[in-house]
Amino acid sequence: MKVYTGGGDKGKTSLFSGERVEKHSSRIAAYGDLDELNSVIGVVLSMLPQGVNTLEQQLQVIQARLFQAGAWLATTPGSSAAEFLDPFPETLVKDMEKDIDQLSDELPPLKVFILPGGHTAASMSHVGRTVCRRCERKISQLLEEQNSDAGQDEMKTIQVYINRLSDYLFTVARYINFKTDTREREWQKS
Amino acid sequence: MAEKLKGENAVNRVTLLDRVWLSEDTFQLKCTRPEEFTFLPGQHVSFSVGNFCREYTMVSADTDDFLLFLIKRLPEGKLSPQLADMPLQTQIAISPPAGYLVNRNSPDMQVFVATGTGIAPFISMVRSGARDFTLIHGARDRVELFYEKELQKHAASYIRCLTTSKAVNCNLEGFYSGRVTSFLKKSFTEGRYAFYLCGVWEMIQEVTHIIDERFPASVIYSEGY
């Protein structure tokens, strides 16, 4: 199968549900950011230090989940194409909260603001966290523009999932710095 | 006998049962259908022989107890010449079914556009009950209008676009002298449709741009090779 199809050379692209839309439409912008987020997580994975196998497994699962979420964002709510999508249940959010709690249990408590940085993988995890926030804003805009209630449940769950993912990536950054004895720089008023 | 390959997750082994040549270079291959192998009409599988894999679409109905594939023998191909010459009763590994060029139950008029063996997914859909569709099939010659009689019986409208001058008297109803792209540009009524495209990517790219210009409210589902 060819990677390039040329179908989008004139500024339009196809949704999974078949509609042709402008490449700058809200829906494309939203799943484009999700794609960027997934790529950033790929970079975090490739930079992970030794001794954090738990993170490797968790991040790989998250990458697969983001693919599922992307398919929902690429589908017009209420269209028949939604029948082909894997569900995106709230339990996925709960699973992530458990992961955050487990990682946090190993970390010293956070009493001050810390600056993004430290180990390269931790710094990249902070970048991922900020891309999460941008995704959230785009999904929020999509939900506001959506006329129908159809498919709202999944979209709202995805929005919450991305919100939690940003918290997770923040925790991952701290976890990597902790495990590699990399100092966290505290924010100080200048 | 069809069975799951041990140690190869979700890979099936099928046995070649029959081969029927439909034109000089295109044949229909009949294989056993593995138990528990289900697919949606329009989906494809990947055949593996040695180090090579190639995707082929089922042309059988989803209820048939065998699998049929439409395969063009490409002289420089890695797999199709082997499949063309392989003795019957040989066993081959195939992947689980994949692909989304399947019936989406769109409320809009369904228009199937295919070139050459790209007709395959639509054959499976028709054999599985698809009706009231418009079919636009492009080929060089009439002999390449595979399953023509069967399609004629079930299509609401069936336009055969032939590109060689000797092919047919194109004054006949249902025939067009020229490429499918030319037909869509010049002769297809403007409107809102659910387009299903299957063929070489160059055709899909060109047809997609025509749809954007002439049928902008339509939806497009496509699969290329």
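Predicted model, so just to flag it, every value in this text is computed and none were measured. Side chains included, hydrogens not; waters and symmetry mates left out as well; all remaining heavy atoms used. Sequence lines set the chain letters: A, B, ... in the order given, protein chains first and strands last, and positions in each chain run from 1.
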Between [X] and [Y] (salt bridge meaning N to carboxylate O under 4.0 Å), is one present in this structure?
X: Glu83(A); Y: Arg104(B); value: no
X: Glu36(A); Y: Arg134(A); value: yes
X: Arg33(B); Y: Asp65(B); value: no

Interface moiety of [X] toward chain A, non-hydrogen atoms closer than 4.5 Å:
X: Asn103(B); answer: backbone
X: Leu40(B); answer: side chain
X: Val102(B); answer: side chain
X: Ser222(B); answer: neither

Inspect the surroundings of [atom1] in [X] and state if more than 12 heavy atoms from other residues, nucleotides or ligands are less than 6.0 Å away.
X: Glu145(A); atom1: CD; value: yes
X: Lys23(A); atom1: NZ; value: yes
X: Tyr100(B); atom1: OH; value: no

Kindly state each residue pair satisfying ring pair (Phe, Tyr, Trp, His ring centres under 6.0 Å) with at least one member in residues 79-101 of chain A, sequence neighbours excluded. Phe88(A)-Tyr161(A)
Test item: side-chain donor near acceptor, Arg140(B) and Thr163(B), under 3.5 Å: no
By residue number, those in residues 43-82 of chain A with heavy atoms under 4.5 Å from heavy atoms of chain B are Ser80(A), Ala81(A)
